[in-house]
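Just so you know, these numbers use all the heavy atoms, side chains as well, and skip hydrogens, waters and symmetry mates. Remember, it's 1-based here, ligands and their atoms both numbered in the order they're listed.
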Amino acid sequence: MKMWIALFLAALAGGASAQTCSCSTMKWATCDGNPCECYLLVGEQMKQTLDCDALIPKCFLMKAEMYRAKKGLDRRGLGGKPVETAFVDNDGIYDPECENDGKFKAKQCNNTEECWCVNSAGVRRTDKGDKNLKCEKLVETYWVRLQLTHKPVTGTVDANQLKVAMADAIHKRYDNFKKDMMKEIEYDPEARMIVVDVMKPKGDRMNDLTNMAYYMEKDVKVLPLFKDQEKFEAVVGSQRMEMENILVYYVDEEAPTFTMKNLTGGIIAVIVVVVLAVVAGLLLLFFFKRRQSQKYNKAQQRELDPM
Ligand SMILES: *[C@@H]1O[C@H](CO)[C@@H](O)[C@H](O)[C@H]1NC(C)=O
């Protein structure tokens, strides 16, 4: 309680003294009032008052992030892996080897002794190995899920109009990207999340999804790769909607072959503890049973002796 009061006073005193009522250190904050006061939603109806003159404590941020993630996943299962075999790019950029036509070579080593196999999007789909690693062929990515968040807008956005606007924007911006490859566009206004599934038939080697996905990733995450530097936006009525987050899932024609190495240390630790506990239990049971039967044998012996 004391902390809340302290934070509240801090917010009143300095935090929100800027001319415009906003929070420079936290984009998710909601600010209002005179004197200006900012807060962060960290749970259902739970408002955490903020001191926007300083960095927001990590604990509040994590709480808010968990809350937002939960909100984002709540409804209809929008977003997330399209299928169990989908994966994201956890490695980031490397110095790739390319074929003459611009395709990725199946095996990539980033100029080191450590190599791995990639899909046609250049994303690692095997464990890392040494130079002798074999990658038989370049496995095609036939399905890409683009999961975006748009910046806050005032007023409501019609979901159907937004879907049409997204398809138009993608088609126009990315070299007349075929609309029939945009299999499904979903929208969740509450989470401001747009999910675009881009797919081609398995075996299709004419059309490419991965270049468009990369352009879009750069458009949203960094800066446009296009010379004119115009931002990607969907225009719905009089609203221009900019995007602020993107996550890309890849689905290959063949499932990736990552192994247990993917399991985080935490999960492995839990498995080890559980296995040890089970083994200890079994050993105890075994010795207990043996002692029981030894006692029984001795008792039997004694009973027989007098006879
Ligand atoms: C590739 O090498 C560069 C520079 O040596 C490094 O910064 C980068 O993290 C490497 N990428 C991968 C995926 O190993």
Side-chain angles (χ1 to χ4, degrees), residues 27 55 58 61-62 65 69 79-149 174-175 177 195-200 202 205 207-227 229 232 243-269 271:
K27 60 179 176 180
L55 293 184
K58 182 180 175 186
L61 296 178
M62 278 174 64
E65 239 173 281
K81 273 190 182 193
V83 287
E84 203 36 56
T85 52
F87 54 102
V88 296
D89 182 358
N90 288 316
D91 295 347
I93 199 156
Y94 61 94
D95 180 16
E97 292 215 34
C98 311
E99 307 281 3
N100 287 334
D101 62 359
K103 288 199 169 74
F104 283 93
K105 292 210 164 140
K107 183 169 143 188
Q108 297 290 341
C109 309
N110 197 21
N111 304 318
T112 65
E113 304 281 288
E114 196 182 41
C115 302
W116 57 88
C117 309
V118 299
N119 58 21
S120 62
V123 176
R124 182 162 69 87
R125 46 167 280 121
T126 64
D127 291 331
K128 287 183 177 173
D130 60 19
K131 279 192 309 192
N132 301 316
L133 183 78
K134 288 271 172 301
C135 306
E136 274 180 23
K137 58 171 186 216
L138 185 71
V139 177
E140 192 82 4
T141 301
Y142 77 103
W143 182 359
V144 168
R145 169 167 289 184
L146 304 154
Q147 189 175 309
L148 306 101
T149 317
Y174 305 112
D175 188 27
F177 190 81
V195 174
V196 183
D197 274 316
V198 184
M199 198 190 279
K200 62 181 186 174
K202 281 191 182 185
R205 296 291 178 270
N207 299 295
D208 176 88
L209 320 168
T210 61
N211 300 336
M212 167 274 200
Y214 196 62
Y215 265 82
M216 192 158 188
E217 218 183 328
K218 291 292 173 207
D219 272 337
V220 177
K221 271 194 195 158
V222 207
L223 284 170
L225 291 167
F226 296 107
K227 189 170 180 197
Q229 292 294 296
F232 176 90
M243 309 297 150
E244 62 178 4
N245 273 306
I246 186 165
L247 184 62
V248 184
Y249 290 97
Y250 301 89
V251 186
D252 294 350
E253 288 184 357
E254 289 167 29
T257 63
F258 298 115
T259 61
M260 289 280 286
K261 276 184 204 160
N262 268 354
L263 288 185
T264 55
I267 296 173
I268 292 174
I271 292 173

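- Phe177 has its side chain within reach of Leu209: a pair of non-hydrogen atoms, C-beta onward, lies under 4.5 Å apart.
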Exercise answer, ligand 1 polar atom pairs (N/O) under 3.5 angstrom:
unit_1   : atom_1 : unit_2 : atom_2 : d
ligand 1 : 2 (O)  : Asn110 : OD1    : 3.3
ligand 1 : 2 (O)  : Asn110 : ND2    : 2.3
ligand 1 : 11 (N) : Ile93  : O      : 3.3
ligand 1 : 11 (N) : Asn110 : ND2    : 2.8
ligand 1 : 14 (O) : Asn110 : ND2    : 3.3

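- Using a cutoff of 4.0 Å between basic side-chain nitrogens and carboxylate oxygens, Arg205 and Glu253 are scored as salt-bridged.
- Judged purely by atom type and a 3.5 angstrom limit, Asp252 has no side-chain atom pairing as donor or acceptor with the backbone of Ala255.
- Separating the CD atom in Glu114 from the CG atom in Asp127 is a distance of 10.5 Å, to the nearest 0.5 Å.
- The line from CD1 of Ile246 to CZ of Phe232 is 8.0 Å long, rounded to the nearest 0.5 Å.
- To the nearest 0.5 Å, the span separating NZ on Lys131 from SG on Cys115 amounts to 8.5 Å.
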